[in-house]
Amino acid sequence: MNNKFNAISTFLRVADAGSFSAAARQLDVNQSAVSQQIAALEAHLGVVLLHRTTRVMSLTEQGERYRRDMTLLLDAMQEAESHLHPKDQEWEGRVNIQLPTGLGQLLLPELLALQKLHTELRLTLAMDDRVVDLVSEGVDVALRLSKEPPETYPARMLACIRTPLFASPDFVPVHSLSELVAQPHIRFSGIAPDGPLRLVSGDETVELKVNTVFRANTSEGLLQAIQSGIGIGGMQLPLAAQALQSGQLVKVLPEWRLPDRFLYAVFPDARFIPLRVRGVVSAIQASLLQWVGEV
């Protein structure tokens, strides 16, 4: 077919915009021209890419697969062209990022500064603790905390995140593990209510049965609970750094901490990672240095 490249670009625009009319407005063409291009592309491929009704447009299974593959192909073409003028185009285009809520709030100023510096960059942030499917949700890079690299997608380790125990400054001083067990605790609600508190110190690991008095499913909720003085809780060091420096928190038994976790940048496809995505990830890693030291 003639102008296949244009038809593919139009299909991707329709898929992103969610309708023929929205895509036509973005492309500044008639809606009938968009419909004709999609129909011609479907006829050429011999498959239906889009379900159409009077009110709703959605991708078919083949359409979703074609969208994914063509997005990778066009991004690769753009990347190849950017190599001709790398300094001009390294910071151009969209980057969809998913971050854990707590770290997302911490990194937001750095990402906003990056956007202000590079006006052709188009950042989209999703601060979400869910583990989403990167491909179906169109995520270019996700930051994930885990003990081991993700199995499903390629990943790059950015930092080791330590999780010490903290309490408010006026909380009862604790000098030993036996005293620690006697105090009320604040814990993440994703942990079983009767799950033991696992701590490490050098090569030594202990599991303690503790009295959990408060649970929350967000880092901010846990941080505020610890600061309120109702108990002792573990908190990722980057998230507690500001409160620690200002004296709102103190470390408890500094020689012990929860098992380390690692922050990974996770990508939907290792075969092609655009320069702009690599640049954003490198900026995030550099920003982490102020909270975690050497990464």
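These numbers come from the heavy atoms of this one structure, side chains and all, not from hydrogens, waters or symmetry mates.
Taken to the nearest 0.5 Å, the CG atom of Leu288 stands 11.5 Å off from the SG atom of Cys160. Once rounded to the nearest 0.5 Å, the distance linking OG1 of Thr71 with CD1 of Ile8 reads 10.5 Å. Of the inter-residue distances, the one linking Leu263 atom CG with Ile161 atom CD1 reads 5.5 Å to the nearest 0.5 angstrom.
Looking at every heavy atom in both residues, Val213 comes nearest to Ile230 through CG2-O, 3.9 Å.
Between the side chain of Arg144 and the backbone N or O of Gln98 there is no donor-acceptor pair closer than 3.5 Å. Side chain of Ser19 to backbone of Ala22: a donor-acceptor contact under 3.5 angstrom is found.
Residue Glu255 qualifies as enclosed at atom CD: its count of foreign heavy atoms under 6.0 Å is above 12. Under a cut-off of 6.0 angstrom, the local environment of CZ in Arg162 is sparse, with at most 12 non-hydrogen atoms contributed by other residues, nucleotides or ligands.
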Exercise. Can you check salt bridge (charged side-chain N to carboxylate O under 4.0 Å, His left out) on Asp260 and Lys147, steps first, answer last?
Worked result: CA-CA 7 Å; Asp260 294 341; Lys147 297 177 183 178; over 6 Å; no

For this session: Go through the steps to decide whether Phe171 and Ile232 satisfy the test side-chain contact (heavy atoms from CB on, under 4.5 Å), and finish with yes or no.
Result: CA-CA 8 Å; Phe171 196 79; Ile232 296 170; 3.5 Å; yes

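In this structure, Asp269 does not pair ionically with Arg68, as no charged nitrogen and carboxylate oxygen lie closer than 4.0 Å. In this structure, Arg67 pairs ionically with Asp16, as a charged nitrogen and a carboxylate oxygen lie closer than 4.0 Å.
Side-chain contact between Phe166 and Gln227: absent, with no pair of heavy atoms (C-beta onward) separated by less than 4.5 Å.
In this structure, a donor-acceptor pair under 3.5 Å is present between the side chains of Gln248 and Ser246.
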